[in-house]
Amino acid sequence: MKSKLLAGIWLLLGLMAGTDAFAQIIDDTTRVLYSPKTTLRLYENDVLEGRYLQQRIDTSLHNIHNERFWYQDTAYYQHLGNIGTASRPILFQMPNKIGVRIGKNAFERYAYNPETINYYDTRSPYSHIYYIQGQRGEQVFEGTHARNITPRWNIGVAYQIMTGNRQIGVSNLRRDGYLSHQAVKAFTHYRSENGKYDLFANYTHLNHEQIEFGGILPGPDDTQDDLFRYQAELTNLSQAASREFRNNYHLLHIYKLAGEGMKLYHSFDWRRQRDLYQDDAIPRTADSLRTLLFYPEATFHPTQTDDRNFYRELQNVFGVTGNSKISFYKAYVKQRNSKIEYNVLEAFVLNDTLRGRTLSDSDRFNQLFVGGQLRFNYGPALVSVDGEFQMTRDYNVSATAKLGPLQGRVARVLRSPSLIEQRMWSNHFTWGNNFNNSVTDRLEGTLTGKLGEKQFVRLTGHYNNIKRHVYFNTNAEPAQAVGNQQLYGAELQHHIQFGPVHFENFVAYTNTDKAEFIRIPEWLVDSKLYFQGNLFKRALHTQFGVQLYLTTNYEAYAYMPVTQQFHLQNGFVVKSYSLLDVFLNADIKSLNVFLKMSHINEGLTAPGYFVTPYYPGMRTSFIFGIKWMFFD
């Protein structure tokens, strides 16, 4: 993977050839011509809603050291103990997509999202290199280049690599990788000379491979505290891997038929997702080759697994939208055609030799949706209603009201189970279900505001009720709950400043006493205390501080790599554990740098910690990262 990284860096430098890539263009008075002020970002949804907000690119240091922000998200995730591994949100999130969907999202946070890509408007070519290297093999690289072809037409491309070394079941961490990740995005935005037409288009690609260990295989007398031998630990799987390919072509064009009051738009998406699970050494007990370990069965092939799913989706949206100073409306029709293919490897005997052949099956789906949004805002008051309806089946509706610092929201989602919840065809799992649609209701209230001049507070309370909840049970198979799942909680964001000293806190409380099939820690805390200021006559802007993260005890979901699903388990309590990091962030003109010592408290109160049953979290690691921006 190092060769791929060097190739990526070399490619990016080549894109910047023709100018001095390490010097800013200056005029005869040595005044900088190009800078973050001349490189602006634009999002397609802002243009669709009439908000032509061209924002400066992000050059701040805030959270540059934080792993969650390396993947362009801000949610808290349960994963498999290392970067780039299968993950799911820890806190409850309302479902948003209705209709047919594949339901395999374990690697979604590592893919570029076609609908939220930022486009550029640059007076000069813009490039950045983003590179992170950890002591234990963690590595992230992204190179981006964008430039205007004309004042109204911009193009850009980005390339991302991620690698990592496994920390359990090996003797030499530096030579044993568990992750291979490559992602690409190419994007363009064009605006007509009269300003009536906008076109946004992008292509995104993901190639993500994860070596599957199946977690630690404990000894007969091992307790949880005995499972931190790392390299010396045995694992459940020795030759298994998951791989996911994604490709998406996205297009949105908008035409002003009657100014901002009426605009016609059309969006097009063609998406492909291919998931593979392979195991060339299905584990069995030594005393009986008929008894499987880890897997419940081997239906099609006794010694080898090669499961492949291929999902394709074609979607067109035709709509009308408009906005004024106090209102916004949108109405659309959406057509989505989907197809999924199932492939498994079956064993057969030919001339006394065991061979394999591929069995295939497929399903097709045609769906039609209508939807819209209506919003009124006047001064500090806002009222909004939003809805999408699949004909005769699913719907997603919500209403929001805001008055000053207070906001209330009510939402309901009726949706059908995902494809993997309905059907699985694999060497190790086979099912065909006919579940009913589930209903999720959410009531939410938020208070946002300042306390004096130095404090900011956001307090959110929520209540959720799920009818006919579909989940994966302790056998890693889908099931549907009979009773309602009810959970409620609150989230507090707080920031207080004492001169150059900042104290930021995020606290989430969730009560799941009436949600038997949902696992969320009762408390999640993320606190950061840091100094922020300028040094050396304002030549260096720095942040230096500590960050604490912890959750309370809970029976976290287990992970089944065959299905890429997190599922219930009742025998392993992920204990409360405090993770303490020390970081130093620095801004030197167009270069951002961070140094972090993560998990500095390793071994002080416990030998280690788990994030998922039988998947230990990372040990102490020194991590270095840079983001270098070029404006010429």
Side-chain angles (χ1 to χ4, degrees), residues 1-2 5 67 77-87 106 132-140 161-181 208-243 278-286 293-295 549 556 558-561 569 571-575 577-581 596-624:
M1 294 309 301
K2 290 186 178 179
L5 175 61
E67 178 186 346
Y77 282 84
Q78 178 188 348
H79 51 77
L80 305 186
N82 213 328
I83 70 167
T85 53
S87 63
I132 298 165
Q133 178 67 61
Q135 176 186 355
R136 303 192 181 277
E138 317 96 299
Q139 191 176 79
V140 179
I161 297 173
M162 194 186 310
T163 62
N165 291 339
R166 59 188 287 181
Q167 60 174 339
I168 58 174
V170 291
S171 58
N172 189 336
L173 290 177
R174 296 189 177 184
R175 296 183 181 178
D176 202 342
Y178 70 91
L179 175 68
S180 175
H181 164 98
H208 192 98
E209 182 177 14
Q210 174 180 296
I211 303 302
E212 300 289 1
F213 315 133
I216 291 173
L217 177 62
D221 300 321
D222 281 343
T223 65
Q224 191 175 132
D225 288 343
D226 296 327
L227 302 180
F228 295 100
R229 295 178 286 258
Y230 297 101
Q231 299 100 311
E233 294 288 358
L234 298 177
T235 57
N236 283 294
L237 303 175
S238 60
Q239 296 187 45
S242 294
R243 194 165 190 177
Q278 298 168 316
D279 191 342
D280 294 331
I282 296 176
R284 299 175 184 271
T285 58
L293 293 173
F294 190 74
Y295 302 121
Y549 172 84
Y559 181 67
M560 172 49 67
Q569 59 83 31
F572 193 108
V573 175
V574 171
K575 298 178 181 178
Y577 188 85
S578 300
L579 277 174
L580 190 63
D581 300 338
K596 182 173 79 167
M597 185 64 76
S598 66
H599 194 187
I600 63 170
N601 57 318
E602 180 187 3
L604 295 182
T605 59
Y609 71 101
F610 285 91
V611 289
T612 294
Y614 301 105
Y615 289 91
M618 286 288 292
R619 292 172 288 170
T620 301
S621 179
F622 175 74
I623 305 171
F624 162 78

Heavy-atom pair with the smallest gap, counting every atom of [X] and [Y]:
{"X": "His79", "Y": "Val611", "answer": "O-CG2, 3.3 Å"}
{"X": "Asn236", "Y": "Ile216", "answer": "ND2-O, 3.5 Å"}
{"X": "Gln78", "Y": "Pro613", "answer": "NE2-CD, 4.4 Å"}
{"X": "Gly608", "Y": "Tyr230", "answer": "CA-OH, 4.4 Å"}

So does Gly214 get a backbone contact from the side chain of Glu212, meaning a donor-acceptor N/O pair under 3.5 Å? no
[X] side chain near [Y] side chain, heavy-atom distance below 4.5 Å:
{"X": "Gln231", "Y": "Asp176", "answer": "no"}
{"X": "Ile168", "Y": "Pro616", "answer": "yes"}
{"X": "Val574", "Y": "Thr612", "answer": "no"}
{"X": "Met618", "Y": "Asn82", "answer": "yes"}
{"X": "Ile83", "Y": "His181", "answer": "no"}
{"X": "Thr620", "Y": "Met597", "answer": "yes"}
{"X": "Pro561", "Y": "Leu237", "answer": "yes"}
{"X": "Tyr549", "Y": "Asp581", "answer": "no"}

Would Ser242 and Gln210 count as having a side-chain donor-acceptor pair, cut-off 3.5 Å? no
Among side-chain atoms of Asp279 and Tyr295, is any donor-acceptor pair under 3.5 angstrom? yes
Check the pair Phe610, Phe228 against ring-ring contact (aromatic ring centres under 6.0 Å, His included), reporting the backbone distance first and the verdict last. CA-CA 10 Å; Phe610 285 91; Phe228 295 100; 4.9 Å; yes
Let's go through Arg166 and Leu179 carefully: what are the C-alpha distance in whole Å and the side-chain angles of both, what is the deciding distance for side-chain contact (heavy atoms from CB on, under 4.5 Å) to 0.1 Å, and is it a yes or a no? CA-CA 8 Å; Arg166 59 188 287 181; Leu179 175 68; over 6 Å; no
Starting at [atom1] of [X], measure out to [atom2] of [Y] and round the result to the nearest 0.5 Å.
{"X": "Asp226", "Y": "Glu233", "atom1": "CG", "atom2": "CD", "result": "8.5 Å"}
{"X": "Leu234", "Y": "Asp222", "atom1": "CG", "atom2": "CG", "result": "9.5 Å"}
{"X": "Leu80", "Y": "Thr85", "atom1": "CG", "atom2": "OG1", "result": "4.5 Å"}
{"X": "Gln239", "Y": "Ile282", "atom1": "CD", "atom2": "CD1", "result": "11.0 Å"}
{"X": "Glu209", "Y": "Gln278", "atom1": "CD", "atom2": "CD", "result": "8.0 Å"}
{"X": "Arg136", "Y": "Ser598", "atom1": "CZ", "atom2": "OG", "result": "8.5 Å"}

Not counting sequence neighbours, which residues clear ring pair (Phe, Tyr, Trp, His ring centres under 6.0 Å) with Tyr609? List them please. Tyr577, His599
Given side-chain contact (heavy atoms from CB on, under 4.5 Å), test Ile600 with Phe622 step by step and report yes or no. CA-CA 9 Å; Ile600 63 170; Phe622 175 74; over 6 Å; no
Quick one: do Ile132 and Glu67 satisfy side-chain contact (heavy atoms from CB on, under 4.5 Å)? Show the steps, please. CA-CA 10 Å; Ile132 298 165; Glu67 178 186 346; over 6 Å; no
I'd like to know whether Phe294 forms a side-chain contact (heavy atoms from CB on, under 4.5 Å) with Met560, so could you lay out the CA-CA distance, the side-chain angles of the two residues, the decisive distance to 0.1 Å, and finally the verdict. CA-CA 10 Å; Phe294 190 74; Met560 172 49 67; 4.2 Å; yes
